Asks: 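The structure that follows is given in the form of structure tokens.
What you see is a predicted model; the values in this text were computed from it and never measured.
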Amino acid sequence: MASTIYDLAEAAGVSISTVSKALSDSYSISEKTKKRIREIADSMGYQPNARARSFARQKNGIILFAADLSKGVGFENPHMFEIVTGVDRYLDEKGYSLVLKHVTKETAPEAVKELMLGEEADGIIIHAGVLTKQLAFVLGKEAYPHLIIGKPDFANTLSWIDVSHEAAGQIAANYLLDKGYRRIVFLMGDSREDQISLRRLDGINIVFEEEELSIETIREIKSFNDSRKITEEILKRELLPEVILCTNNYLAMGCIQSIRAEKLDVPEDIAIMTFDNYPFSMLTEPTLTAIEVDMYDMGNEAARFILQRIKKPNLQTQSFCTTPILIERQST
């Protein structure tokens, strides 16, 4: 017969409440006591089911992840899956379930309000792509555990975490200058929507201004085809840039195709560098030098924080996590 929580409490010499708090990783129980109770639970083969864990927490054991999950999001935002995977793996280890919720910028305020009022989940993680001031107002009115994935582009009191894209820009700029490159073109996205590219550009400019240099920036590059066309125009110049730095893999792919069509060589005739290691940088010929950020780790950190926030409602964070790293390959 399977052991019950009553058997475990008797064996540990503690109350049922202490057992349930220890197994749900409550901050009110010491780490020493948690460890002892878990060891006894393992020795007894105690396996609480999801309902029992949720009852012990007086919660429903669900965390919502709200984001725009429209068709094609896996290609348009390849980081999304890595973030979700990191969140899910951490939550699963802690006995929580993750539920994905499709919202848009337009529908998010009302949808999130209904979710909070209906107590459908213990907390909510929201992708910054759907964040608006209206949604921030909704979150600010309720003492509800939340976390934004991505730094908001307006003043706020929300809890958020992000990668330091400014630091990524600085790493890229320092690397290229150390390699001796000076004539550099940066291809970036829609400046009204692409806050990540703008923050990377801020980091690049910090480094270049220190060296009393400037970088040519071409904005509004929204797609692979846009990148091909712009690169074709760049290659018609009498004096070519030494490097094209791309804000993502899709733009880098467009660059490479246009360069190959002109029978030019990478990196001998012109070098290519990109932000983000995923999804194409390892598959191109030549392989692409990239600035990588660990989005899986950021997902883990997001899940860890939201569970802490459930235990400590006054907890707040506005911080960066995961240090960008340089991966040098053939394209530079």
Asks: Would a hydrophobic clustering, with Ile, Leu, Val, Met, Phe, Trp and Tyr connected at side-chain separations under 4.5 Å, put Ile259 with Ile230?
Replies: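 Linked within one cluster.
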Asks: Using 4.0 Å as the upper bound for N to carboxylate O, is an ion pair formed by Glu216 and Arg237?
Replies: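 Counted as a salt bridge, because a side-chain N and a carboxylate O are separated by less than 4.0 Å.
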Asks: Under 3.5 Å, is there a donor-acceptor pair between the side chain of Glu242 and the main chain of Arg183?
Replies: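 Judged by distance alone, yes, a pair lies under 3.5 Å.
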Asks: Can you name the closest pair of heavy atoms from Ile204 and Gly169 and give their distance?
Replies: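 The pair with the smallest heavy-atom distance is CG1-O, 3.5 Å.
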Asks: Taking the basic N atoms (NZ, or NE/NH1/NH2) and the acidic carboxylate oxygens, is any pair closer than 4.0 Å for Arg200 and Asp276?
Replies: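 Salt bridge between Arg200 and Asp276, a charged N being under 4.0 Å from a carboxylate O: yes.
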Asks: Return the minimal non-hydrogen interatomic distance between Tyr144 and Leu115, and the atom names on each side.
Replies: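 That would be OH-O, 4.4 Å.
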Asks: Is a donor on one side and an acceptor on the other found under 3.5 Å between the side chain of Ser281 and the backbone of Leu288?
Replies: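 Between the backbone of Leu288 and the side chain of Ser281 there is no qualifying donor-acceptor contact (under 3.5 Å).
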Asks: Name all residues meeting the ring-ring contact (aromatic ring centres under 6.0 Å, His included) criterion together with Tyr175; count only those two or more places apart in sequence or in a different chain, and write none if there are none.
Replies: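 For Tyr175, no residue satisfies ring-ring contact (aromatic ring centres under 6.0 Å, His included) once neighbours in sequence are set aside.
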Asks: Might you point out which heavy atoms bring Ile272 and Thr332 nearest each other, and give the distance in Å?
Replies: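 Between these two residues, the closest heavy atoms are O-CG2, 3.4 Å.
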Asks: Measure the shortest side-chain to side-chain distance between Ile256 and Thr231 over non-hydrogen atoms and say whether it is less than 4.5 angstrom.
Replies: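 A side-chain contact is absent here, since even the closest heavy-atom pair is not under 4.5 Å.
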Asks: Would the distance check show the side chain of Ser331 and the main-chain N or O of Ala271 forming a donor-acceptor pair, the cut-off being under 3.5 Å?
Replies: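 No, the answer is negative, given that no donor and acceptor are paired below the 3.5 Å cut-off.
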Asks: Are any of the side-chain heavy atoms of Leu135 and Val103 separated by less than 4.5 Å?
Replies: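 Of all side-chain heavy-atom pairs linking Val103 with Leu135, none is under 4.5 Å.
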Asks: Do the non-hydrogen side-chain atoms of Lys151 and Arg199 ever get within less than 4.5 Å of each other?
Replies: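 They are in contact (side-chain heavy atoms under 4.5 Å apart), so the answer is yes.
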Asks: Using a strict cut-off of less than 4.0 Å between a Lys/Arg side-chain nitrogen and an Asp/Glu carboxylate oxygen, indicate whether Lys229 and Glu232 qualify as a salt bridge.
Replies: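 No.
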Asks: Is there a side-chain contact between Phe65 and Met80, using heavy atoms and a 4.5 Å cut-off?
Replies: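 Yes, side chains in contact.
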Asks: Out of Thr247, Leu187, Leu251, Thr217, which one pairs with Ser197 under the side chain to side chain contact (heavy atoms under 4.5 Å, CB included) rule?
Replies: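 Single pass found, and it is Thr247.
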Asks: When you look at CD of Glu10, are more than 12 heavy atoms from neighbouring residues, nucleotides or ligands closer to it than 6.0 Å?
Replies: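 Atom CD in Glu10 is not crowded, with 12 or fewer foreign heavy atoms closer than 6.0 Å.
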Asks: State whether the side chain of Gln316 and the backbone N or O of Thr157 hold a donor-acceptor pair below 3.5 Å, judged by distance alone.
Replies: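 Flag set: sc Gln316 to bb Thr157 pair under 3.5 Å.
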Asks: Determine whether the side chains of Asn225 and Ser223 contain a donor N or O and an acceptor N or O closer than 3.5 Å.
Replies: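 Distance-only check fails for Asn225 and Ser223.
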Asks: Before you tell me yes or no, could you show the steps for Ile327 and Met282 under side-chain contact (heavy atoms from CB on, under 4.5 Å), namely the whole-Å CA-CA distance, both residues' side-chain angles and the distance that decides it to 0.1 Å?
Replies: CA-CA 10 Å; Ile327 303 174; Met282 297 169 284; over 6 Å; no
Asks: For a quick test of reading the model, state the closest non-hydrogen atom pair linking Ala67 to Val130 and the distance between them.
Replies: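 Result for this residue pair: C-CG1, 4.1 Å.
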Asks: Please check if atom CZ in Arg182 has more than 12 non-hydrogen atoms from other residues, nucleotides or ligands closer than 6.0 Å.
Replies: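 Yes, CZ of Arg182 has more than 12 neighbouring heavy atoms, counting only those of other groups under 6.0 Å.
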Asks: Give a yes or no on whether Ile149 and Ile310 share a hydrophobic cluster (residues Ile, Leu, Val, Met, Phe, Trp, Tyr; joining criterion: side-chain heavy atoms under 4.5 Å apart).
Replies: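 Linked, Ile149 and Ile310 end up in one cluster.
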Asks: Applying the side-chain hydrogen bond (donor to acceptor under 3.5 Å, both in side chains) criterion to Thr322, which one of Asn300, Asp294, Asp297 satisfies it?
Replies: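 Filter result, single survivor: Asp297.
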Asks: Donor-acceptor pair, His127 side chain versus Asp68 backbone, under 3.5 Å?
Replies: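 Looks like no, no N/O pair under 3.5 Å.
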Asks: Do the non-hydrogen side-chain atoms of Phe320 and Trp160 ever get within less than 4.5 Å of each other?
Replies: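 Result yes, sub-4.5 Å side-chain heavy-atom pair found.
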Asks: Charged N to carboxylate O below 4.0 Å: is that the case for Glu31 and Lys34?
Replies: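 Salt bridge between Glu31 and Lys34, a charged N being under 4.0 Å from a carboxylate O: yes.
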Asks: Please lay out, stage by stage, how Met295 and Val163 fare under the test side-chain contact (heavy atoms from CB on, under 4.5 Å).
Replies: CA-CA 8 Å; Met295 292 298 181; Val163 173; 4.1 Å; yes
Asks: Determine whether a donor-acceptor pair (N or O, by modelled atom type, separation under 3.5 Å) exists between the side chain of Asn174 and the backbone of Val207.
Replies: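 No, the answer is negative, given that no donor and acceptor are paired below the 3.5 Å cut-off.
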Asks: For residues Cys255 and Cys246, report the shortest heavy-atom separation together with the two atoms involved.
Replies: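 Scanning both residues, the minimum pair turns out to be SG-SG, 3.6 Å.
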Asks: Is the shortest heavy-atom distance from the side chain of Ile184 to the side chain of Phe208 under 4.5 Å?
Replies: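 A side-chain contact exists here, since the closest heavy-atom pair is under 4.5 Å.
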Asks: If we count only N and O atoms by modelled type, under 3.5 Å, do the side chains of Thr4 and Asp7 hold a donor and an acceptor together?
Replies: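 The answer is yes; a qualifying pair exists.
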Asks: If you define the side chain from C-beta out and look only at heavy atoms, does anything of Leu64 sit under 4.5 Å from Ile125?
Replies: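 Heavy-atom side-chain distance check fails, nothing below 4.5 Å.
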Asks: Any carboxylate oxygen within less than 4.0 angstrom of a Lys/Arg side-chain nitrogen, looking at Arg304 and Glu301?
Replies: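 So Arg304 pairs with Glu301 through a salt bridge.
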Asks: Are Leu213 and Val185 connected in the hydrophobic side-chain network, where two residues link if heavy atoms are under 4.5 Å apart?
Replies: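 In one cluster with Leu213: Val185, no.
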Asks: Side-chain heavy atoms nearer than 4.5 Å, only ILVMFWY residues, links allowed to pass through others: does that put Val84 and Tyr90 together?
Replies: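 Same hydrophobic cluster.
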Asks: Please check if atom OH in Tyr181 has more than 12 non-hydrogen atoms from other residues, nucleotides or ligands closer than 6.0 Å.
Replies: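 Buried by this count: over 12 neighbours within 6.0 Å.
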Asks: Are Glu120 and Lys101 ion-paired here, with the side-chain N under 4.0 Å from a carboxylate O?
Replies: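 So Glu120 does not pair with Lys101 through a salt bridge.
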Asks: Do the side chains of Ile148 and Leu139 get nearer than 4.5 Å, heavy atoms only?
Replies: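 A side-chain contact under 4.5 Å exists here.
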Asks: Name the one of Thr284, Thr289, Asn277 that satisfies side-chain hydrogen bond (donor to acceptor under 3.5 Å, both in side chains) with Arg329?
Replies: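 Passing option: Asn277.
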Asks: Testing Arg219, His165, Glu166 one by one against Leu201 for a side chain to side chain contact (heavy atoms under 4.5 Å, CB included), which residue passes?
Replies: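 The side chain to side chain contact (heavy atoms under 4.5 Å, CB included) with Leu201 is passed solely by Arg219 among Arg219, His165, Glu166.
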Asks: Could you see if Ile221 belongs to whatever hydrophobic cluster contains Ile270? Use Ile, Leu, Val, Met, Phe, Trp, Tyr and a side-chain cutoff under 4.5 Å.
Replies: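 Hydrophobic grouping puts Ile221 with Ile270.
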